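Remember, predicted model here, so these are calculated numbers, not experimental data. In what follows, chains are A, B, ... by sequence order, proteins preceding strands, each numbered from 1.
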Amino acid sequence: MIYNTIEQRLRVAVTAVLPDASVDSVLVRPCPEAKFGDYQANALMGLAKERKMNPRQLATSVLEKLDVTDLCDKVDVAGPGFLNFRVKSAAMAAELQEAMAGGPLFLMKAVSPRTVVLDFSSPNVAKPMHVGHIRSTILGECLARAQRLLGHHAITDNHIGDWGTAFGKLLLGWKREVNREALQRDPISEMERIYKSINAACDADEALYEQARLELAKLQAGDAENLAIWREMIALSEVQFDTIYKRLGVKFDHTLGESFYNPRLPEVVQKLVAAGLAKESDGAIKVFFDDVPELKEHPAVIQKSDGAATYTTTDLATLEYRMATWSPDEIVYVTDGRQQQHFKEIFTTFRRWMPDAKVKLTHVWFGSILGEDGKPFKTRSGETVKLAELLDEAEERAFRVVSEKNPTASEEERKEIARIVGLGAVKYADMLPNRQSDYVFSWDKMLAFNGNTAPYLLYAYTRIRGIFRKAQEAGQTPSGGKLALVAPQEIALARHMLNFGLVLQAVVDDCRPNYLCNYLYELAGYFTGFYENCPVLKAAEGVERETRLALCMLTAQVLRQGLEVLGIETTEKM
RNA sequence: GCGCUCGUAGCUCAGUUGGAUAGAGCAACGGAUUUCUAAUCCGUUGGUCGUGGGUUCGAAUCCCGCCGGGCGCACCA
């Protein structure tokens, strides 16, 4: 480990005077209130409990031996046994100076990088992407970006739904009623129309349903005509996926859909049976979970009585493939919370199947998006909201606001600002709530300039950039000279910036981008306090101006970097 | 019925996993502008953290009961 942040150096210092404590067990974190100090070690409480010591006494004895005079003005024992560190402003200034000189932006790159596979988005072929895909897509992309920024190896894999029983109906419907003109004009809508039509027809007519099953069987047996139609449906869908991902700034390293694993499924079933993990029951093959209370009543079917596999089988095959191909340290699945039970089954089965595998399996689940009425988010006519249309509306609404606030800018410029603000607003609104809670989708809230929103943060960024445009005109650019933090607003801003890496680490550890959202909002708040009280170009000169220019520059960098992790672009002007 | 999950200010929500006096935004009211971009800022009002017990130095957070939402319980994915 390389300890290059203040908080890390404090951890090392405290650990050094604690016999047989590891650095990992001594957490130092930002103080809850600035008036107490800058950093706080409160893990001593836990250690005291383990050792049956009085926590205040332990803290006092640590303090007696502790040598942090190079970093701190003073260290206090407070409350029931916290150690509060007041960091020297010179030590903070030194950190800023290092970052100004091109050092890492208040974060540590991982010394031993982990390989993390992220499975997210997973849209279905022949169907439009809708709001239901946005959280998975945006959360997954953000987690991948955060992992990479911290130096880890993130592998993104889009497990698209390109196989399964729906294709029997789709093939039958396609053969009966495909409209080539409509298909050319808007392939997704035409395929959606076909599916809805044939689905209704199958519900009404048992014989048709049987025909659909035959079409599926033919596809699975490798029938040339059905394969060709199936491939065409995939190709048409991929055009849609690519368009949306490009708009959202999302990239996948791999797109290995369900069909990719199809040839492996019989073998997976065989292996599970051979290992004694699955057994025949009512003509099907199932995995039982008698020792897992919440799964006891629900064995997982891995082969239906008609011989076909299920998505449980596919997911197990996928897991096996990912282990063999990438040997990841962790696999993260980003899906709706309604699939919790499914993933519990998958993970439980996998652990029995490969008990020696050290991989961490994480189901990162999220809640639903609700309309203003508190019910699942739908259009006025009750349809699911299509993602492409949602993004269009975001840009249109942002364009109206940009045009109102900034009527003199060219239409082209306003369009570009509206694109960044509109898409940013949607993404930010999606990542701001705790992912496990449902949230109410509100255009007015996400596009507001007050409060914790993307437009607010983007505006804060443009204000800083405005200072630099002025500074450049006046020939006042940062020279890399010595810095000194004096005003309380300068110190508060600097202190908060130093915590950027800690927050990113928390985002990665808990898979919660909302920590980063709140951090950036607070950063903007501290910057505002600084901006209102500390003139940069007007009154300041010498070291004072140099320091303030550096604070502006670094705040802008952290804001831009943080927004980039969230998948949000920045703009120079609004 | 079983399981998962949630209940925090009038509204929408944070609360980094057990830490100090529970925080924002909106709404309401009162202020600040010939600006470093007012798409801004400052202030005031507002809470028995659903409820009753328990665990301990310490609970919104952990455990148990109850009340009330949401979701899941297919040989669909």
Side-chain angles (χ1 to χ4, degrees), chain A residues 27 29-33 36 40 42 45-46 48-49 54-56 78-82 84 122 124 161 163-166 258 281-286 293-298 301-312 314-315 336-342 344 365 367-368 370 374-376 401-402 404-406 421 432-434 436-440 442 444-445 447-453 455-456 458-460 462-471 474 502-503 505-507 509-510 512 514-515 517-519 521-522 525 528-529 531-532 534-538 548 552 573-574:
Chain A
L27 286 175
R29 34 186 244 188
C31 252
E33 298 268 350
F36 297 135
Q40 174 175 91
N42 58 14
M45 236 78 69
K49 202 170 240 177
N54 178 318
R56 248 197 109 92
F82 306 122
N84 288 338
S122 312
N124 289 319
W163 199 254
T165 49
E258 290 168 0
S281 165
D282 301 325
I285 299 178
K286 304 179 186 175
E294 63 264 44
L295 300 180
K296 205 172 175 178
E297 308 291 324
H298 298 282
V301 175
I302 59 168
Q303 186 177 299
K304 302 191 273 186
S305 50
D306 67 0
T310 68
Y311 81 132
T312 301
T314 309
D315 277 354
D336 192 281
R338 285 176 290 204
Q339 293 190 45
Q340 284 177 87
Q341 185 174 303
H342 169 67
K344 219 163 259 173
W365 60 271
S368 315
L370 308 176
K375 294 183 182 149
V401 181
V402 170
E404 183 191 314
K405 299 289 181 188
N406 200 350
V421 172
L432 177 63
N434 178 329
Q436 288 175 339
S437 49
D438 298 343
Y439 80 93
V440 176
S442 160
D444 289 343
K445 272 185 189 151
L447 285 167
F449 315 112
N450 286 319
N452 199 347
T453 67
Y456 176 84
L458 290 169
Y459 178 65
T462 60
R463 279 174 115 188
I464 306 176
R465 299 305 300 164
I467 293 177
F468 279 99
R469 274 194 299 278
K470 275 263 161 67
L502 280 174
V503 170
Q505 188 60 51
V507 168
D509 287 346
D510 291 0
R512 292 188 191 275
N514 62 314
Y515 294 162
C517 296
N518 286 316
Y519 171 83
Y521 180 60
E522 283 163 13
T528 298
Y531 184 88
E532 300 284 326
C534 305
V536 178
L537 303 176
K538 274 187 169 172
R548 291 176 180 183
C552 287
K573 286 182 183 174
M574 273 174 80

**Item:** Polar side-chain atom of A:E522 near backbone of A:Y519 as donor-acceptor pair, under 3.5 Å
**Value:** no

**Message:** Applying salt bridge (Lys or Arg N to Asp or Glu O under 4.0 Å), can you list everything that pairs with A:R338, at least two apart in sequence or on another chain?
**Reply:** A:D336

**Request:** Figure out the OH/C1' separation between A:Y531 and B:A39, and round it to whole Å.
**Result:** 12 Å

**Asked** Among all residues two or more places apart in sequence or in another chain, which pass the side chain to side chain contact (heavy atoms under 4.5 Å, CB included) test with A:T310?
**Response** A:V301, A:K304, A:T312, A:T313

**Asked** Relative to the 5' end of RNA chain B, which residue comes earlier, A:A448 or A:P55, by the nucleotide with the nearest heavy atom?
**Response** A:A448

**Request:** Counting heavy atoms from C-beta on, name the nucleotide in B:G72, B:C36, B:A14 closest to the side chain of A:N518.
**Result:** B:A14

**B:G18 and B:A60, which share atom name P, separated by this distance in whole Å** = 13 Å

**Asked** Taking the C1' atom of each, how far is B:G68 from B:G46, in whole Å?
**Response** 25 Å

**Message:** Measuring only the P atom in each nucleotide, how far is B:C42 from B:A27? A whole number of Å is fine.
**Reply:** 15 Å

**Request:** Could you give the distance separating B:C6 and B:U44 at their C1' atoms, to the nearest angstrom?
**Result:** 33 Å

**Asked** Which part of the nucleic acid, if any, lies within contact of A:N54, taking any heavy atom under 4.0 Å across all strands shown: a base, the sugar-phosphate backbone alone, or nothing?
**Response** nothing

**Prompt:** In whole Å, what is the span from the CZ atom of A:F449 to the P atom of B:C41?
**Reply:** 13 Å

**Prompt:** Less than 4.5 Å apart, any side-chain heavy atom of A:V401 and any of A:L447?
**Reply:** no

**Request:** Please answer whether the main-chain N or O of A:F82 pairs with a side-chain N or O of A:N42 as donor and acceptor at a distance below 3.5 Å.
**Result:** no

**Prompt:** Quick one: side-chain hydrogen bond (donor to acceptor under 3.5 Å, both in side chains) partners of A:N54, sequence neighbours excluded?
**Reply:** none

**Message:** Give me the distance, rounded to whole Å, that separates B:G19 from B:A59 when you measure between the P atoms they each carry.
**Reply:** 11 Å

Protein and nucleotides 3-8 of chain B: nitrogen or oxygen contacts under 3.5 angstrom:
residue : atom : partner : partner atom : Å
B:C4    : O2'  : A:Q340  : OE1          : 3.0
B:C4    : O2'  : A:Q340  : NE2          : 3.1

**Prompt:** Taking for each residue the nucleotide of RNA chain B with the nearest heavy atom, is it A:C534 or A:N434 whose nucleotide lies nearer the 5' end?
**Reply:** A:N434

**Fill in**
The side-chain hydrogen bond (donor to acceptor under 3.5 Å, both in side chains) partners of A:Y521 (sequence neighbours excluded) come to none

**Message:** Holding to salt bridge (Lys or Arg N to Asp or Glu O under 4.0 Å), I want the full list of residues that pass it with A:E294, two or more places apart in sequence or in another chain.
**Reply:** A:K344

**Request:** For A:V536, report the nucleic acid contact type (base, sugar-phosphate, nothing); a contact means any heavy atom under 4.0 Å.
**Result:** base

**Asked** So what does the secondary structure string of RNA chain B come out as, 5' to 3', with Watson-Crick or wobble pairs under 3.5 angstrom, [ ] for crossing and | for pairs with another strand?
**Response** (((((((..((((.....[...)))).(((((.......))))).....(((((..]....))))))))))))....

**Complete:** note: A:D336, atom CG; B:G72, atom C1'; distance rounded to Å ~ 10 Å

**Asked** Contact class for A:N514 vs. all strands (heavy atom < 4.0 Å): base, sugar-phosphate, or nothing?
**Response** sugar-phosphate

**Message:** Using modelled atom types and a 3.5 Å cut-off, is there a donor and acceptor pairing between side-chain atoms of A:R548 and backbone atoms of A:Y531?
**Reply:** no

**Item:** Rounded distance in Å - CD (A:Q339) to C1' (B:A77)
**Value:** 8 Å

**Asked** Looking at the side chain of A:Y456, which of B:U40, B:C36, B:G15 is the nearest nucleotide?
**Response** B:U40

**Item:** Inter-nucleotide C1' distance (B:U33, B:C49), Å rounded
**Value:** 40 Å

**For A:Q339, side-chain hydrogen bond (donor to acceptor under 3.5 Å, both in side chains) partners two or more places apart** = none

**Message:** Quiz question: going by heavy-atom distance under 3.5 Å, is there a donor-acceptor pair between the base of B:C75 and the side chain of A:T310?
**Reply:** no

**Request:** Would you kindly give the NZ-to-C1' distance between A:K405 and B:A39, to the nearest whole Å?
**Result:** 5 Å

**Message:** With rounding to the closest Å, how many angstrom separate the C1' atoms on B:U16 and B:U61?
**Reply:** 12 Å

**Prompt:** What is the distance, rounded to the nearest whole Å, between atom CH2 of A:W163 and atom P of B:A77?
**Reply:** 13 Å

**Asked** For A:L447 and B:A39, what is the distance between atoms CG and C1' respectively, to the nearest whole Å?
**Response** 12 Å

**Item:** Distance below 4.0 Å between A:K375 side-chain N/O and B:G70 OP1 or OP2
**Value:** no

**Request:** Please measure how far the P atom in B:A14 lies from the corresponding atom in B:U21, and state the result in whole Å.
**Result:** 24 Å

**Prompt:** Looking at residues at least two apart in the chain, or sitting in another chain, which of them share a side chain to side chain contact (heavy atoms under 4.5 Å, CB included) with A:Q303?
**Reply:** A:V269, A:I285

**Asked** Nucleotide by nucleotide, 5' to 3', does protein get under 4.0 Å of the base (B), only the sugar-phosphate (S), or neither (-) in nucleotides 16-32 of chain B, counting heavy atoms?
**Response** BB-BBB--SSS------

**Asked** When all nucleic acid strands are considered with a 4.0 Å heavy-atom cut-off, which category describes A:D509: base, sugar-phosphate, or nothing?
**Response** nothing

**Item:** Out of B:C36, B:C75, B:A77, whichever nucleotide has its closest atom nearest the side chain of A:Y311
**Value:** B:A77

**Prompt:** Which nucleotide, B:A39, B:C13, B:C36, lies nearest any side-chain atom of A:L537?
**Reply:** B:C36

**Value in whole Å for how far the C1' atom of B:G72 lies from CG of A:L295** = 12 Å

**Message:** So, using salt bridge (Lys or Arg N to Asp or Glu O under 4.0 Å) as the criterion, who are the partners of A:R465 when residues are at least two apart?
**Reply:** A:E572

**Item:** Non-neighbouring partners of A:K286 that pass salt bridge (Lys or Arg N to Asp or Glu O under 4.0 Å), sequence neighbours left out
**Value:** A:D282

**Asked** Which glycosidic conformation, syn or anti, is assigned to B:U40 if syn requires a torsion within 90° of zero?
**Response** anti

